[in-house]
Peer 1: 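Quick one: structure below, then a few questions.
Naming convention: chains lettered A, B, ... in sequence-line order (proteins, then strands); numbering from 1 in each chain.
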Amino acid sequence: MLDDPAAARLAEILAAHEGLEGPLLPILHAVQAEWGHIPDWTVPAIARALNLGRAEVHGVVSFYHDFRDAPAGRHVVRLCAAEACQAQGGRALAAALCDRLGLGMGETAADGSVTLEPVYCLGLCAAGPAALVDGQPLARATPDAILETVRC
Amino acid sequence: MLTLYVPRDALARALGADRVAEAARAHAAARGLPLRLVRNGSRGMAWLEPLAEIEIDGVRHAFGPLSPGDMPALLDDPASHPRALGPTEAIPFLARQTRLTFARVGVIDPLDLDAYAAQGGLAGLRRALLLAPEARIEEIKQSGLRGRGGAGFPTGIKWATVAAAPGPRKYVVCNADEGDSGTFADRMLMEGDPFCLIEGMAICGLSVGATRGYIYIRSEYPDAIATMEEAIRIARHRGLLGPSLLGQGPAFDLEVRVGAGAYVCGEETSLLNSLEGKRGTVRAKPPLPALQGLFGRPTVVNNVISLATVPWIMTHGAAAYRDFGLGRSRGTIPLQIAGNVRHGGLFETAFGLSLREIVEDIAGGTASGRPVKAVQVGGPLGAYFPPSLFDTPFGYEEFDGAGGLIGHAGVVVFDDTADMLEQARFAMEFCAVESCGKCTPCRLGAVRGVETIDRLRAGDPDALPLLRDLCETMKLGSLCALGGFTPFPVMSAVTHWPEEFDRARVAAE
Ligand SMILES: Cc1cc2nc3c(=O)[nH]c(=O)nc-3n(C[C@H](O)[C@H](O)[C@H](O)COP(=O)(O)O)c2cc1C
Ligand code: SF4
Ligand code: FES
């Protein structure tokens, strides 16, 4: 499980955050950027480096919606589910996407191609419905515009 | 040389601004046309994005909304382009505003520190450096500035508390979590004029005796994070930040920290826990963060807009700011007009416009062309207003009096297809998903709230008194406004659209 290159990479990440005040969230973001989720094996090492209990680190990981316990799909569609987008057809867009991808909100396709998840506001509320597709903002989003991005 | 402005703001990009900029560059290169392309912030007129500007005889002319295919003709002959909107600042939506905090947003390249200084930037910090410490805080107190994050607490009083608190280490924390639906002022400011926030935080640090600051930005804002980080690097390199503010003052440095998708982390004590690397649960007050905040040290926590307004006040004086506004709501407020509207975007204006003026005149009614049914002001914890309450003037006390709140000044418009029971249910569902879990009325009450509304939807009239009781319990028994204010959207929907909650009767008719 714990192959050496991965452990070495984690050690690098931990070293890069030395000297920061309150380094746990930045470390977790870096770990997730590296592996796409927070792998279980990283938790004890992070806890040791920060002088925390494993349960404490795990408690932080589980509190925040962003931290994943399994990798997401190759494409990630974060669809705004908040009020201003609801007022602009957001609910219908969500339903259409779920339907065409054959996924529920918060699910990843079995072939690992795409993850569809809700997000509560992207600050694009004057031109909704909005989405973040692989980190890129999309406004006045339509099912076709979103599917075009995730199919390539 | 032609100067072309194409915004780099996330909303402009979300509507294709990068492709528009690329098309312009490609056409200019192919034609051998000398082109100076500036990626500015957004002017805040969402329905016209991507909106490009070209300087003609020293006056900026606007064109939009544009697609890449428009660019060749636009560069070859701007004057007769079908997307021409005339001089940018004469567009009524902009001409009617009073832009103080947002004066430079959309005007300059956000990462050009010289352009920032040329447009009045750094004057506030320079003046603050010349003032005695008490005089700096007095200026903010006299301006009447209140926190724009939602609670409306007087900024100067908060600063005075931190300044007076003993301790060798103090912090300035900028709350850039902007989680409310329908709000984007913080995002636009950080993406469009990041040095303004840096200057405001520097003045704050100088005033209260803090040498370190953090900007806590939500992870949903990748562009704002990148722009702020780059601006801090530039500010450090140019000696604005670092061992001595502008080479004349004490040390002050800043760091960006990224949230992790928890709405409750916008609440200031939860935010502090998150910065410390803990679960984002809410802390009981007292102690006030001003006295025991980040790592137990005296800490100013202020919203982006509160801090970014400070340089204007320092430059122009408290009286000039206080002259704008209504009652105890002084100065200007960047309204964020969103949802189902014809003209959405950022509209900075003095307090005091009525909701009707905002929704009908400025926003131009709904995008769908259907009648306006409801307006939610102040995010997911704000009440839904029916048209009969549209005469309420925009001010803290005035909205409070009408059973609402202005929050971070997001105005979300719904047309007559909105299902108010569904909106009430969403408010409860959102609270259940985002609750930090500390108090039972919020954690369990919100889940129970969803179930109760489902019973109403199924036609069970006995569920209504239950819903009322539940809201009362949440209001009284919650530690923070997430549990405490969720009853506002729910009960406003029940009060103003009672027929939609009486599904049994509706079904019988
Ligand atoms: C659930 C909840 C969420 C909040 N979210 C934000 C937010 O995203 N941004 C913000 O500035 N204030 C938010 N606040 C208000 C902060 O607790 C605090 O009042 C504010 O940051 C103080 O800064 P100000 O005085 O400049 O407004 C929130 C409060 C609550 C209860
Ligand atoms: S009201 Fe809800 S979010 Fe606020 S402290 Fe209580 S449980 Fe946490
Ligand atoms: S509500 Fe969807 S982007 Fe803000």
Peer 1: Do the side chains of A:E56 and B:R279 get close enough for a salt bridge, i.e. N-O under 4.0 angstrom?
Peer 2: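 Result for this pair is no, no salt bridge flagged.
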Peer 1: Give, for atom CZ of A:F67 and atom OG of B:S219, the distance between the pair rounded to the nearest 0.5 Å.
Peer 2: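 Reported value, rounded in 0.5 Å steps: 8.0 Å.
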Peer 1: Counting C-beta onward and ignoring hydrogens, is there a side-chain heavy-atom pair between B:R257 and A:P26 closer than 4.5 Å?
Peer 2: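 Side chain of B:R257 against side chain of A:P26, heavy atoms only: contact under 4.5 Å found.
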Peer 1: Does any heavy atom of chain B fall under 4.5 Å from the side chain of A:E83, the backbone, both, or neither of them?
Peer 2: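 Backbone plus side chain of A:E83, per the 4.5 Å heavy-atom cut-off to chain B.
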Peer 1: What residue in A:R78, A:Q136, A:Q86 has the most heavy-atom pairs under 4.5 Å with chain B?
Peer 2: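 Among A:R78, A:Q136, A:Q86, the one with the most close pairs to chain B is A:Q86.
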Peer 1: Looking at B:P380, B:A367, B:G379, which one has more heavy-atom pairs under 4.5 Å with chain A than the rest?
Peer 2: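 Top count of heavy-atom pairs under 4.5 Å with chain A: B:P380.
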Peer 1: Between B:L294, B:D18, B:V433, B:T417, who has the most heavy-atom pairs with chain A when the cutoff is under 4.5 Å?
Peer 2: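 Max contact count across the listed options: B:V433.
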Peer 1: Please round to the nearest 0.5 Å and tell me the distance separating atom CZ of A:F63 and atom SG of B:C436.
Peer 2: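 The distance works out to 6.0 Å.
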Peer 1: Provide the closest heavy-atom pair for B:G179 versus A:C121 in the form atom of the first, atom of the second, distance.
Peer 2: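 Minimum heavy-atom contact is O-CB, 4.1 Å.
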Peer 1: Please flag which part of A:E21 lies under 4.5 Å from any non-hydrogen atom of chain B: side chain, backbone, both or neither.
Peer 2: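 Both backbone and side chain of A:E21 come within 4.5 Å of chain B.
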Peer 1: Using non-hydrogen atoms only, which part of B:L275 is less than 4.5 Å away from chain A: side chain, backbone, both, or neither?
Peer 2: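 When you check distances to chain A, only backbone atoms of B:L275 fall under 4.5 Å.
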Peer 1: A:A126 and B:I337: which non-hydrogen atoms are nearest, and at how many Å?
Peer 2: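 Shortest heavy-atom separation between A:A126 and B:I337 comes out as CB-O, 3.6 Å.
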Peer 1: Heavy-atom pairs under 4.5 Å with chain B are the metric here; pick the option from A:I27, A:L122, A:L28, A:L50 that has the most.
Peer 2: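 Top count of heavy-atom pairs under 4.5 Å with chain B: A:L122.
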Peer 1: Please check if atom CG in A:D111 has more than 12 non-hydrogen atoms from other residues, nucleotides or ligands closer than 6.0 Å.
Peer 2: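 Buried by this count: over 12 neighbours within 6.0 Å.
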Peer 1: Salt bridge between B:E49 and A:R140, side-chain N to carboxylate O under 4.0 Å?
Peer 2: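 No, no charged N to carboxylate O under 4.0 Å.
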Peer 1: Which atom pair, heavy atoms only, marks the closest approach of B:L15 to A:A139?
Peer 2: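 Heavy atoms only, the tightest pair is CD2-CB, 3.6 Å.
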Peer 1: Quick check, are the ring centers of B:F430 and A:Y120 under 6.0 angstrom apart?
Peer 2: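 Judged by ring-centre distance (under 6.0 Å), B:F430 and A:Y120 do meet the cut-off.
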Peer 1: With a 4.5 angstrom heavy-atom cut-off, could you sort out which part of B:F426 is near chain A: side chain, backbone, both or neither?
Peer 2: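 Interface part for B:F426: side chain.
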Peer 1: When heavy-atom pairs shorter than 4.5 Å are enumerated against chain B, which of A:G135, A:A81, A:G128 gives the highest number?
Peer 2: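 Ranked by heavy-atom pairs under 4.5 Å with chain B, first place is A:A81.
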Peer 1: Can you tell me which portion of B:P222 sits under 4.5 Å from chain A's heavy atoms? Options are side chain, backbone, both or neither.
Peer 2: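 Just its side chain gets close to chain A.
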Peer 1: Which bit of B:V264 is near chain A, if near means a heavy-atom gap under 4.5 Å: side chain, backbone, both or neither?
Peer 2: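 Contact with chain A: side chain only.
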Peer 1: Is it the side chain or the backbone of B:A418 that comes within 4.5 Å of chain A heavy atoms, both, or neither?
Peer 2: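 For B:A418, no heavy atom lies under 4.5 Å from chain A.
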Peer 1: Between atom SG of A:C125 and atom CD of B:Q336, what is the distance when rounded to the nearest 0.5 Å?
Peer 2: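 Result: 8.0 Å between the selected atoms.
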Peer 1: So what's closer than 4.5 Å to chain A heavy atoms on B:D186: side chain, backbone, both or neither?
Peer 2: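 For B:D186, there is no contact with chain A at all, as no heavy atom is under 4.5 Å.
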Peer 1: Please check if the number of heavy atoms outside A:D40 that lie under 6.0 Å from its CG is greater than 12.
Peer 2: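 Open.
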Peer 1: Under a 3.5 Å distance rule, please check whether B:S181 uses its side chain to pair with a backbone N or O of A:A82 as donor and acceptor.
Peer 2: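 Not at all, since once roles are kept as given, no pair shorter than 3.5 Å links the two residues.
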Peer 1: For B:S368, is it the side chain, the backbone, both or neither that has a heavy atom under 4.5 Å from a heavy atom of chain A?
Peer 2: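 Neither; nothing under 4.5 Å.
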Peer 1: Within a 6.0 Å radius of atom CG on A:D69, are there more than 12 heavy atoms belonging to other residues, nucleotides or ligands?
Peer 2: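 Atom CG in A:D69 is not packed in, count stays at 12 or less.
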Peer 1: At a 4.5 Å cut-off on heavy atoms, which part of B:E178 comes close to chain A: side chain, backbone, both, or neither?
Peer 2: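 Contact with chain A is absent: no heavy atom of B:E178 under 4.5 Å.
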Peer 1: Check whether more than 12 heavy atoms from other residues, nucleotides or ligands sit under 6.0 Å from atom NE2 of A:H65, and answer yes or no.
Peer 2: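 Above 12, so yes.
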Peer 1: Taking all non-hydrogen atoms of both residues into account, name the closest pair between A:Y64 and B:A262 and its distance.
Peer 2: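 That would be CD2-CB, 4.0 Å.
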Peer 1: Answer with side chain, backbone, both or neither: which region of B:V258 has an atom nearer than 4.5 Å to a non-hydrogen atom of chain A?
Peer 2: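 Contact with chain A: backbone and side chain both.
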Peer 1: Within a reach of under 6.0 Å around CZ of B:R342, are more than 12 heavy atoms found that belong to other residues, nucleotides or ligands?
Peer 2: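 No, CZ of B:R342 has 12 or fewer neighbouring heavy atoms, counting only those of other groups under 6.0 Å.
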Peer 1: Which heavy atom in A:L25 sits nearest to a heavy atom in B:S274, and how many Å separate them?
Peer 2: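 In terms of heavy atoms, the two residues are closest at CD2-OG, 3.4 Å.
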Peer 1: If you tally heavy-atom pairs under 4.5 Å against chain A, which of B:G345, B:G277, B:G280, B:G410 wins?
Peer 2: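 Heavy-atom pair counts peak at B:G280.
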Peer 1: How close do B:A10 and A:P137 get, counting heavy atoms only, and between which atoms?
Peer 2: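 So the minimum-distance heavy-atom pair works out to O-CG, 3.6 Å.
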Peer 1: With respect to chain B, which residue among A:V60, A:L132, A:L24, A:V119 yields the maximal number of heavy-atom pairs within a distance under 4.5 Å?
Peer 2: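 Heavy-atom pair counts peak at A:V60.
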